[in-house]
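Quick caveat: nothing in here was measured; it's all calculated off a predicted structure. By convention in this document, chain letters (A, B, ...) are assigned in the order of the sequence lines, proteins followed by strands, and residues within each chain are numbered from 1.
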2 protein chains.
Amino acid sequence: MTARDSTDDPVFRALADPTRRALLDALFERDGQSVQALCAQVPEMTRFGVMKHLAILEEANLVIAHRDGRSKLHFLNPVPIQQLADRWIGKYARPFTRALTGLQQQLEGDTSQETA
Amino acid sequence: MTARDSTDDPVFRALADPTRRALLDALFERDGQSVQALCAQVPEMTRFGVMKHLAILEEANLVIAHRDGRSKLHFLNPVPIQQLADRWIGKYARPFTRALTGLQQQLEGDTSQETA
DNA sequence: AGGATACGTGACCATATGGTCACATGTCAA
DNA sequence: TTGACATGTGACCATATGGTCACGTATCCT
């Protein structure tokens, strides 16, 4: 339920491809790269493939780009990943917290675990 | 580079589907559910579809399952998500840290930003 | 102006993916 | 031991996805 109508679905999907993650890594190393510069870092693929991946990253708002003269510069936007970490991954990546909330629920007499 | 030969690619791919995330959520709410119980929480899909998704989650090690009599019980395994958070997402979800390292590089006279 | 450079678009193809079904297997309980 | 129940398998199909290409447009430099 919470996961299906979530707005960060495009982010999850964008991150699912290793080439796209490689592009993010490249931008992490050096921000504001052009299409060409990014192509050079993914040599096993043509420019068109890279451009498609960049478009997907842009749609997921993971990359922000603007033209500068005849080249287009790409900048990494960490905000969606931040949000993912905050409102989804953190939920699973904190079994510690989870154990605590579970304990707290028991102490407070919460019986939601028993329904169905 | 770092992202492409990464071993948590199956985890990323598994998380890319909203149905799969919904299944994880369901297991988060109540652990150790059978296929049937999980099917009941994804009513828009047949049992076979759910089983396929569960298989993918198992392959990604996000779900651990074992048979119990004539039913198969599924348990959430948060470890892969933990690792994802630790060695990938945290890198982007800490612009604070990043700003600091960037500043440090500048202070140390690091010129890697200028190459190409 | 004119050529070289850099990016954009649409068509196109192969394959991966999501989903369903008929059928088979294993398990419990009367 | 029979039947109902719960899961497993393989084939199968439609579409989404990843990738390439021919061609077009915008920009810079001389």
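Following rounding to the nearest Å, B/K72 (NZ) and D/dT9 (C1') show an atom-to-atom distance of 13 Å. Between the P atom of D/dG8 and the CG atom of B/L54 lies a distance of 9 Å, rounded to the nearest Å. Straight-line distance from the CD atom of B/Q36 to the P atom of D/dA6: 4 Å, rounded to whole Å. The NZ atom of B/K52 sits 12 Å away from the P atom of D/dG10 (whole-angstrom rounding).
Backbone-only engagement by B/I56 is indicated by non-hydrogen atom pairs under 4.0 Å involving sugar-phosphate atoms exclusively. Here B/M51 lies in heavy-atom contact (under 4.0 Å) with a base.
In the set D/dC23, D/dG8, D/dA6, D/dG8 carries the atom at the smallest distance from any side-chain atom of B/F48.
Take the nearest nucleotide of DNA chain D for A/R20 and for A/R67: the residue whose nucleotide is more 5' is A/R20. Summary of the strand contacts: B/V35 and A/M45 both lie near DNA chain D, and taking for each the nucleotide with the nearest heavy atom, the more 5' one is attributed to B/V35. Nearest-nucleotide assignment on DNA chain C puts the 5′-proximal partner with B/R13, out of B/G49 and B/R13.
Atoms CD and CZ, from A/Q36 and A/R47 in turn, are 8.0 Å apart once rounded to the nearest 0.5 Å.
Between A/R87 and A/D8 there is a salt bridge, since a side-chain N of the basic residue sits under 4.0 Å from a carboxylate O of the acidic one. A salt bridge does not link A/R13 with B/D17: every distance from a Lys NZ or Arg NE/NH1/NH2 to an Asp or Glu carboxylate oxygen is 4.0 Å or more.
B/G32 and B/F75 make their closest contact through CA-CE2, 3.4 Å (heavy atoms, listed as atom of the first residue, atom of the second, distance).
Counting atom types as modelled, B/R70 pairs no side-chain N or O with a base atom of D/dG8 as donor and acceptor under 3.5 Å.
The outermost nucleotides of DNA chain C lying under 4.0 Å from heavy atoms of chain B, listed 5' to 3', are C/dT17 to C/dC28.
Side-chain contact check for A/Q33 and A/Q41: at least one donor-acceptor pair (N or O, by modelled atom type) lies under 3.5 Å.
Shown are B/V63, B/I64, B/V11, B/L27; of these, the side-chain contact (heavy atoms from CB on, under 4.5 Å) with B/L57 is made only by B/V63.
Using a 4.0 Å cut-off, no side-chain N or O of B/S34 falls inside it from OP1 or OP2 of D/dA6.
Using a 30° and 60° split on the angle between ring planes, B/Y92 and A/F28 fall in the perpendicular class, above 60°.
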